[in-house]
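See below for the structure under consideration.
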Protein chains: 2
Amino acid sequence: MDRLFQAFADATRRDIVRRVTVGEYSVSGLAALYAMSFAAVQKHVAVLERASLVTKEKRGREQIVRANHAGLHKARSLLDEYEVIWRQRTERIADLLAETDPQANEKSAGKAETSEAEA
Amino acid sequence: MDRLFQAFADATRRDIVRRVTVGEYSVSGLAALYAMSFAAVQKHVAVLERASLVTKEKRGREQIVRANHAGLHKARSLLDEYEVIWRQRTERIADLLAETDPQANEKSAGKAETSEAEA
DNA sequence: CCGATCTACAACCATTTGGTTGTAGAATAG
DNA sequence: CTATTCTACAACCAAATGGTTGTAGATCGG
């Protein structure tokens, strides 16, 4: 999980994932697209591979880089979880506000959450 | 963008985001939950703040840490883009396969993509 | 008021990161 | 066959990272 997000924490690597999702590229094909050494691009691909965001397939002397959808899906799933938590929270607050007097209850809710968090 | 994903590339920080999405925590409240120094947790919070994933609000001598939904949403949006690209790709391939002879066309599609990528 | 709690900030450290240049073997093209 | 292309790997470097201990000021509780 650390590796997965770490892999996305670089613009070149995000671009590589985008390109290999759109179409098929060899490592050298990718290297031609960026203003950096071949070895640097190689390293980026290695990071992505290690994070299971891409796979490499040897084709003759070339290595073809392909997107691994499952890796991407994994990251999305985690972020979706946070979204769910967030929605639950906002709904919970909305419910409380709808039930009783806004001012008195907002104060009470704040206290309840704090003591829950510190417990 | 780099910072945003970088911030998620650590388990403690992911956990911090989860907690402050669920409920309200002070920095020291968070620090009590992890087996590391206060200063280390402080650093993690600083990373999250810098990535706009949380906000800090001074309340007396305490700093209350809150989730910033917009930051999270931003990361999700980017990952959604990849999903869209992926879907477009799989649909495009499915269309091609549905139109003509599977074997001959699969080979032709592979070639067309390669030359497009290298152009 | 004073001790306790909370925080900001600094300096340190080992490890990792994102790049570089260099070497050399494998595959390909002419 | 030979020059070119492609790749793996190594060594290097400056900067960043994820932790540590230490100092000191602000706020709080009794």
Side-chain angles (χ1 to χ4, degrees), chain A residues 1-20 24-66 110-111 114-115 117-119, chain B residues 1-20 24-66 110-111 114-115 117-119:
Chain A
M1 217 65 222
D2 287 2
R3 285 203 187 113
L4 209 153
F5 286 108
Q6 178 63 41
F8 268 113
D10 180 81
T12 301
R13 287 204 290 272
R14 289 197 296 276
D15 198 59
I16 289 173
V17 172
R18 184 181 63 77
R19 288 179 188 277
V20 300
E24 198 168 84
Y25 286 84
S26 64
V27 175
S28 54
L30 288 170
L33 302 169
Y34 303 104
M36 65 182 70
S37 66
F38 172 81
V41 173
Q42 228 182 352
K43 273 193 172 181
H44 283 313
V45 171
V47 170
L48 291 169
E49 191 182 19
R50 198 155 162 247
S52 301
L53 284 166
V54 302
T55 55
K56 286 206 297 184
E57 177 195 335
K58 194 170 174 64
R59 189 200 291 166
R61 69 188 171 183
E62 290 190 317
Q63 288 276 4
I64 304 301
V65 185
R66 291 203 165 90
K111 286 251 170 160
T114 302
S115 62
E118 286 167 3
Chain B
M1 215 68 223
D2 287 3
R3 286 202 187 113
L4 208 152
F5 286 108
Q6 177 63 41
F8 268 115
D10 179 81
T12 300
R13 285 203 292 271
R14 289 197 295 278
D15 198 58
I16 288 173
V17 172
R18 184 182 63 79
R19 289 180 188 276
V20 301
E24 198 170 86
Y25 286 84
S26 64
V27 175
S28 55
L30 288 169
L33 301 169
Y34 303 104
M36 65 182 72
S37 66
F38 172 80
V41 174
Q42 228 183 350
K43 273 193 173 179
H44 283 312
V45 172
V47 169
L48 291 170
E49 192 182 17
R50 199 154 162 248
S52 301
L53 285 166
V54 302
T55 55
K56 288 205 298 182
E57 175 194 338
K58 194 169 174 66
R59 188 199 291 166
R61 69 188 173 185
E62 289 191 316
Q63 288 275 8
I64 304 301
V65 184
R66 292 203 165 91
K111 285 252 172 155
T114 301
S115 64
E118 285 168 6

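From a predicted model like this one, the values you see are computed outputs, not experimental measurements.
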Between [options], which nucleotide has the shortest distance from any of its atoms to the side chain of [X]?
{"X": "B:Arg61", "options": "C:dT5, D:dA8, C:dG19", "answer": "C:dT5"}
{"X": "A:Lys43", "options": "C:dT17, C:dG19, D:dT7", "answer": "C:dG19"}
{"X": "A:Asp10", "options": "D:dT7, D:dG19, C:dG18", "answer": "C:dG18"}
{"X": "A:Ala39", "options": "D:dC6, C:dG18, C:dT20", "answer": "C:dT20"}
{"X": "B:Phe38", "options": "C:dT7, D:dG18, C:dG19", "answer": "C:dT7"}
{"X": "B:Gln6", "options": "D:dT17, C:dT7, D:dC28", "answer": "D:dT17"}

Would you indicate what [X] reaches in the nucleic acid, counting non-hydrogen atoms under 4.0 angstrom: base, sugar-phosphate, or nothing?
{"X": "A:Arg3", "value": "nothing"}
{"X": "A:Gln42", "value": "base"}
{"X": "B:Ser37", "value": "base"}

Is [X] close enough to [N] that one of its side-chain N or O atoms is under 4.0 Å from OP1 or OP2 there?
{"X": "B:Arg59", "N": "C:dC6", "result": "no"}
{"X": "A:His44", "N": "C:dG19", "result": "yes"}
{"X": "B:Thr12", "N": "D:dG18", "result": "no"}

Task: Sole residue of B:Leu53, B:Val54, B:Val41, B:Val47 in side-chain contact (heavy atoms from CB on, under 4.5 Å) with B:Arg13 - done: B:Val47
Open item on the list: For A:Gly60 and B:Gln63, find the nucleotide of DNA chain C closest to each by heavy atoms; which residue's nucleotide sits nearer the 5' end?
Closed with: B:Gln63
Task: Within 6.0 Å of CZ in A:Arg50, more than 12 heavy atoms from elsewhere - done: no
Open item on the list: Less than 4.5 Å apart, side chain to side chain, heavy atoms only: is that true for A:Glu49 and A:Val65?
Closed with: no
Open item on the list: Whole angstroms only, please: what is the CG-C1' distance between A:Asp2 and C:dT16?
Closed with: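 Computing the A:Asp2:CG to C:dT16:C1' distance gives 13 Å.
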